[in-house]
Protein chains: 2
Amino acid sequence: MKSHAGRRAAVAGLEGLCPRRGLPLTVQRRAVLEALAARRDHPTADQLYEDVARRLPGISRATVYRALEVMVRAGVVRKVWYAGAATRFEVPERRHHHLVCVLCDAVVDLHQPALDRLPGPGRAARGFRVLDYSVQFMGVCAQCARSTKTPPRQSSGRQSHEGK
Amino acid sequence: MKSHAGRRAAVAGLEGLCPRRGLPLTVQRRAVLEALAARRDHPTADQLYEDVARRLPGISRATVYRALEVMVRAGVVRKVWYAGAATRFEVPERRHHHLVCVLCDAVVDLHQPALDRLPGPGRAARGFRVLDYSVQFMGVCAQCARSTKTPPRQSSGRQSHEGK
DNA sequence: TCCTAATTGCGATTTTATCTCAAATGCATA
DNA sequence: TATGCATTTGAGATAAAATCGCAATTAGGA
Ligand SMILES: [Zn+2]
Ligand SMILES: [Zn+2]
Ligand SMILES: [Zn+2]
Ligand SMILES: [Zn+2]
């Protein structure tokens, strides 16, 4: 779709950045969003930094990371493989799904029988052999909803109320 | 929760580690798997290292990471927030899902109308406000299925055939 | 028990993400 | 359009997470 969309095009969601006082729309943020919209894949923050730096030489890597963070919170962009700072593991037992808080990265299991027999990707995934699947619900957890202020996301200790 | 579960208990999937010649079952791997099985949450590799080191003083951090890697490949454990080395992003457009290769971490979009109106978590997720969801299919991509040998996972360049 | 392939430990290294704070900028207001 | 203040940026240091290389050790079949 629109291969060269994003040149100066109005990228969807941009207006969501400066709704009320407190989220200025800077050229850097615009550039990061346009760079992301211009790709069809799922780039990493560093790949986006490379892209943006091409048009905005001198931009700081930290700025790209920060721009992505505020945009994730604003709902303009999404983390695909919702990764915290570290990869998490589990022993695959009975099928279950996950609730992920987009503000604090808390992860909670969800058992929902209605989701246990979803149709597979079928012929849409030619060549891809499916081993398992699970549904990820992105949203805001109770604790974060309660604390209207800036969410607890200092440093790397992001599992503030994660069960442990 | 079985506080001392995993003491010497037969952890499910252990035998899957030494099926044919080539995957010795070491005390370290057993310890990592038992440590993981003993937790109800979704620990990070480093948290598991802490747990294991308590019973196996002197174990190397690298060993824990390697043990998790082989077990993921053997299907004994699963990466929860399927994270590669880096977090990926995308602009949330029309609803779609993802095919993730467990061997090379390739990520591909999947459009499947049948999955676009799944029932939400409902009352099972008290307090959690769902913003969006998507289904993750874990499996083996065509390229990896073709190359029966050790998958392409050298260094950080893990998006070998990821579309770009 | 012996032999060989595979794994481990250790430390160095790379990759990814975050922090600090002075200087620059967005933007509401006049 | 000019002014003022709160927010953001840049640069580099730092922290956190993951990986690498290689000699010594170990698992497991013969
Ligand atoms: Zn939360
Ligand atoms: Zn889970
Ligand atoms: Zn693959
Ligand atoms: Zn996608």
Side-chain angles (χ1 to χ4, degrees), chain A residues 14-15 17-33 43-50 52-53 56-74 79-89 105 150-159, chain B residues 14-15 17-33 43-50 52-53 56-74 79-89 105 150-159:
Chain A
L14 256 188
E15 58 288 347
L17 274 180
C18 48
R20 64 206 72 197
R21 183 174 184 64
L23 272 184
L25 172 58
T26 65
V27 292
Q28 290 87 348
R29 286 176 180 168
R30 176 188 293 275
V32 170
L33 184 53
T44 65
D46 239 67
Q47 288 175 318
L48 286 174
Y49 165 73
E50 302 277 346
V52 174
L56 241 54
I59 190 174
S60 171
R61 200 175 304 266
T63 296
V64 175
Y65 279 83
R66 284 183 296 218
L68 287 170
E69 184 181 325
V70 294
M71 291 193 287
V72 164
R73 294 190 179 199
K79 284 191 186 178
V80 177
W81 292 122
Y82 226 96
T87 307
R88 288 139 188 274
F89 299 87
D105 286 347
T150 311
R153 189 187 259 259
Q154 60 283 67
S155 177
S156 67
R158 54 186 63 181
Q159 43 259 67
Chain B
L14 257 187
E15 57 289 349
L17 275 179
C18 48
R20 65 205 73 196
R21 181 175 185 65
L23 273 183
L25 172 59
T26 65
V27 292
Q28 291 88 347
R29 286 175 180 170
R30 175 188 293 274
V32 171
L33 184 53
T44 64
D46 238 68
Q47 288 176 317
L48 286 174
Y49 165 73
E50 302 277 345
V52 174
L56 242 53
I59 189 174
S60 171
R61 201 175 303 266
T63 297
V64 175
Y65 278 84
R66 283 182 297 218
L68 286 169
E69 183 181 325
V70 294
M71 291 193 286
V72 164
R73 294 190 179 201
K79 283 191 187 178
V80 177
W81 293 123
Y82 224 95
T87 307
R88 288 139 187 275
F89 300 86
D105 287 346
T150 310
R153 187 188 262 258
Q154 60 283 70
S155 177
S156 68
R158 54 186 63 183
Q159 43 259 66

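Note on naming: letters A, B, ... go to the chains in the order of the sequence lines (proteins, then strands), and numbering restarts at 1 for each one.
At least one side-chain nitrogen or oxygen of Gln28(A) sits closer than 4.0 Å to the OP1 or OP2 atom of dG10(D). Distances shorter than 4.0 Å separate none of the side-chain N or O atoms of Thr26(A) from OP1 or OP2 on dT7(D).
Across the protein-nucleic acid pair, Leu25(B) atom CG and dA6(C) atom P stand 16 Å apart, rounded to whole Å. In this structure, Arg30(A) places its CZ atom 13 Å from P of dT9(D), rounding to the nearest Å. Distance Leu56(B) CG to dT26(D) C1': 13 Å, rounded to the nearest Å. Spacing between atom NZ of Lys79(A) and atom P of dT16(C) amounts to 15 Å, rounded to whole angstrom units. The interatomic distance linking Arg29(A) (CZ) with dG26(C) (P) rounds to 11 Å, in whole Å. Counting to the nearest Å, the P atom of dT15(C) and the CD atom of Gln47(A) are 13 Å from each other.
Less than 4.0 Å separates DNA chain C from at least one heavy atom of each of the following residues of residues 59-68 of chain A: Ala62(A), Tyr65(A), Arg66(A).
To the nearest 0.5 Å, the span separating CE on Met71(B) from NZ on Lys79(B) amounts to 12.5 Å.
Arg29(A) places none of its side-chain heavy atoms less than 4.5 Å from the side chain of Val32(A).
Between Arg30(A) and Leu25(A), the closest heavy-atom pair is NH2-CD2, 3.5 Å. Here the shortest heavy-atom pairing between Ala31(B) and Leu56(B) reads CB-CD2, 3.8 Å.
Comparing the helix axis at one end of the helix from dT1(C)-dA30(D) to dA30(C)-dT1(D) with that at the other, each defined from 5 consecutive pairs, gives an inter-axis angle of 50° (nearest 10°).
Residues meeting the side-chain contact (heavy atoms from CB on, under 4.5 Å) test with Tyr49(B), sequence neighbours left out: Ala53(B), Ile59(B), Arg61(B), Val64(B).
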